[in-house]
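All remarks here apply to the structure that follows.
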Amino acid sequence: GLQLELSTDLFLPRVTFFRRPQVDPNTGANISYARSENTNRVIAAPYLGASYRVHERVVAGLAVYAPFGATIAFPEDGSQRQVVTKIALTTIFVSPAVAVAVGNGFSVGATANLIFGDLVLEQRNALPYVTGDPEQYPDPEMGLEGTTRLAGRDPFSIGATFGAGWRSGDGRIAIGASVMTPVTLKLEGDAHVENAGISVLVDQNNNELQPAGQRDDRVRMSLPLPLVARFGVAVK
């Protein structure tokens with residue numbers, strides 16, 4: 001009556017970033033950019049599940065897995081650096097489930113998805129991008145750049161998955177379908193910006209609020225996870 005499953009999906013990402021050519025408004029020179037590709041080539045998404053037949057017609061289960069998420073890293077000096085140098089999304093689903101056989105080979109099931117979400121975005125910044133007009137300085141010098149890191153976390157959201165299946169009397173054919181409901185993660189966290197050109201921040205009484213060279217603030221982000229529908233057929 002006890003079933004255990006441990007598995008992982010391996011993803012081999014290849015993402016290429018293109019930045020369009022521009023004309024420098026200060027010099028009139030044409031600026032072109034080399035394409036940039038991600039530097040990490042393998043991503044693993046593990047799955048751990050267990051089920052137990054508690055009755056002739058009832059099975060209970062529990063799964064822990066990561067259906068959405070990836071880490072994509074880019075070169076620190078690439079043409080994409082002011083947009084992203086690294087982005088990492090982690091979603092962990094803890095999903096208790098129950099399935100019931102309703103007769104004539106049909107069964108139905110339902111799962112509650114308890115979701116933890118974490119998102120980190122890292123990028124390079126340049127002072128003209130922070131305090132001025134980025135269109136006026138399309139390709140600032142690397143020496144003027146600093147780093148930006150945004151991090152947000154959703155400690156608890158909830159969704160659901162509903163499924164139905166049919167198995168032929170001789171057990172040779174099985175058909176199943178499921179729908180995972182969409183969920184919007186509400187992530188809250190911190191933004192940390194470092195750049196040597198940032199001046200000290202003081203209040204009206206000239207008391208230092210934040211030191212020179214950096215800024216810290218709070219951030220909020222919303223991330224919608226999609227509706228997922230699945231259909232499958234198995235034949236012995």
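Considering only heavy atoms from C-beta on, V179 stays 4.5 Å or farther from F231 through its side chain.
Looking only at atom types and distance, the side chain of T85 has no donor-acceptor partner in the side chain of Q123 under 3.5 Å away. Judged by distance alone, the side chains of T147 and N125 never bring a donor and an acceptor atom under 3.5 Å apart. Side chains of Q22 and Y33: a donor on one and an acceptor on the other come within 3.5 Å.
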Determine whether S36 and Q80 satisfy the following criterion, side-chain hydrogen bond (donor to acceptor under 3.5 Å, both in side chains), listing intermediate values before the conclusion.
CA-CA 7 Å; S36 182; Q80 86 305 320; 2.7 Å; yes

Would R81 and E145 count as a salt bridge (Lys or Arg N to Asp or Glu O under 4.0 Å) here? Give the steps.
CA-CA 10 Å; R81 64 186 186 274; E145 294 181 348; 2.8 Å; yes

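Environment of CG in N207: crowded, with over 12 heavy atoms of neighbouring residues, nucleotides or ligands closer than 6.0 Å. Residue R172 qualifies as open at atom CZ: its count of foreign heavy atoms under 6.0 Å is 12 or below.
Below 30°, between 30° and 60°, or above 60°: for F17 and F74 the angle between ring planes is above 60°, a perpendicular geometry.
Taking CG from L185 and OG from S157, the interatomic distance works out to 5.0 Å, rounded to the nearest 0.5 Å. With values rounded to the nearest 0.5 angstrom, Y65 atom OH is found 12.5 Å from L48 atom CG. T91 OG1 to D154 CG: the interatomic distance, rounded to the nearest 0.5 Å, is 10.5 Å. For the atom pair OG1 (T71) and CD1 (I87), the distance works out to 9.5 Å, reported to the nearest 0.5 Å. Here CZ of R124 is found 10.5 Å from CG of L144. Values are rounded to the nearest 0.5 Å. Note that CG of N40 is 5.0 Å distant from CD1 of I72, once rounded to the nearest 0.5 Å.
The backbone N or O of A45 lies less than 3.5 Å from a partner atom in the side chain of T8, making a donor-acceptor pair.
Within the structure, ring-ring contact (aromatic ring centres under 6.0 Å, His included) pairs that include any residue of residues 181-219 do not occur (at least two apart or interchain).
By the 4.0 Å N-to-carboxylate-O rule, D118 lies close enough to R153 to be salt-bridged with it.
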